[in-house]
2 protein chains.
Amino acid sequence: MDDGAAQPHKAKIRRENRTRILVAAEQAFAEHGFAGATMTNIAKRASLPKANLHYYFGTKDELYRAVLDSILEEWISKLNLWRIDADPGTVIKNYIRDKLEFSRRRPQASKVFASEIIHGAPILASFISADLRHLVEQKAAVVHEWVRLGLIKPVDGPHFIFTLWALTQHYADFEVQIRLILGRDALTDDDWESIAGYVEVFVLRAVGLAS
Amino acid sequence: MDDGAAQPHKAKIRRENRTRILVAAEQAFAEHGFAGATMTNIAKRASLPKANLHYYFGTKDELYRAVLDSILEEWISKLNLWRIDADPGTVIKNYIRDKLEFSRRRPQASKVFASEIIHGAPILASFISADLRHLVEQKAAVVHEWVRLGLIKPVDGPHFIFTLWALTQHYADFEVQIRLILGRDALTDDDWESIAGYVEVFVLRAVGLAS
DNA sequence: GTCTATACATAGATAGAC
DNA sequence: GTCTATCTATGTATAGAC
């Protein structure tokens, strides 16, 4: 009966509710994992009755997929600046900053993604073996071209990319461990600045772009 | 009535059953997370009636703690060789090989640990903020001493340790993603050899011990 | 579109025969 | 010590009044 697109007000409510649910779900999945998060808990966080979650997303499974989608959207775009004619040092530096910024701004998103992969990527397997694989192959070729041109020291393309993912995502996914070891209640601006500086220098040295 | 210690045969059965359950549980927790793993499923994997799991470990929670304990035992021992009078290059190389070997031999263990931390370390928080924090502080001091002696390039101690954890554990925790991107059904001996070589050179270059 | 009440399945846990 | 049968709680999902 209702056509959201034709009724601006309802469309707005619809959009806002969907977003509220997605945010609450991302938080819950990050904290408790897919199985540990409950629709009841997500509903409470979103301040909506549980039945509404089912109205908007059907099943828990579909809600989870929607959360993953919203994460991938931002995730995959970040490798786009890797081009053969770009300066490797600048590209690498920007990528590290960008990924660390994501780890800081959306730590829950990173955790949901990590949890999905750790537990066998039941939902994302096809995305990884198609889109992501293709993207990594492209960007690995760029890395190898940089190597061939003598712009950076020899590194394996795919593994270099894995390295950057590991180093940057670690600070979101294992943030609790890092905080507890450093004795912090929360990572401060200064902490994140040292992290970025540390990772940047570490990686640039490894490819011969810093001493 | 039964005293396991006094009755060798029963003690043996007891030990074997406990181990069978722990192995099955580690696998299940790795695959599905704490909440997603079920006692029924673990019992099936261990080929024992579900009631026996409760007989041996009481609750699911205690079983989970027992699994984590068995992992930590092996985890924490590996930093012991970091001493000021040891050769940094050798120490770092051995540590990388050792941790990667663990990632390869007990990928499930690494995943259970990762999942625990990602979801807020509800069980391990106190261990991390006491024992592990202390250990990292000690070993960070060793790193800084190496730096002071001019044996390696300047690096922050704790972050250097985090780096090694991130790089080595990534290959266990994100193994599915790596396999799918590399187009492998399983990582081969050769794959692991290249990984070890890659990580080793990457890290040694970063601290000035390889070119 | 919203929300209360409820159906149905499955989880963790235990009682009690063996 | 082992295992079947069962209890109770909680989870996902939906029916149906508003």
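As the structure is a prediction and not an experimental result, all values here were calculated from the model. Letters A, B, ... mirror the listed sequences (proteins, then strands); counts begin at 1.
- Here the side chains of A/Lys44 and A/Lys50 are not in contact, with every heavy-atom distance at 4.5 Å or above.
- Dense packing is recorded around CZ of B/Arg105, with more than 12 heavy atoms of other residues, nucleotides or ligands lying under 6.0 Å away.
- The side chain of B/Lys10 lies closest to D/dG1, out of D/dA13, D/dG1, C/dT2.
- Rounded to whole Å, atom P of D/dG1 lies 12 Å from atom CZ of B/Arg15.
- With rounding to whole Å, A/Tyr56 atom OH is found 17 Å from D/dT14 atom P.
- Taking 4.0 angstrom as the limit, A/Tyr55 places none of its side-chain polar atoms (N or O) nearer than this to OP1 or OP2 of C/dC3.
- Of all nucleotides listed (C/dG1, C/dG12, D/dT4), C/dG12 comes nearest to the side chain of B/Thr38.
- With rounding to whole Å, B/Lys44 atom NZ is found 8 Å from C/dA11 atom P.
- Between A/His54 atom NE2 and D/dG11 atom P there is a gap of 12 Å when expressed in whole angstrom units.
- In this structure, A/Ile42 atom CD1 and D/dG11 atom P are separated by 11 Å, rounded to whole Å.
- In this structure, of C/dC3, C/dA11, C/dA15, it is C/dA11 that holds the atom nearest to the side chain of B/Thr40.
- If you measure from atom CE of A/Met39 to atom P of D/dA13, you get 6 Å, rounded to the nearest angstrom.
- With respect to the salt-bridge test (charged N to carboxylate O, under 4.0 angstrom), the residues A/Arg20 and A/Glu16 do not qualify.
- Electrostatic pairing of A/Arg184 and A/Asp191 counts as a salt bridge here, judged by a charged N lying under 4.0 Å from a carboxylate O.
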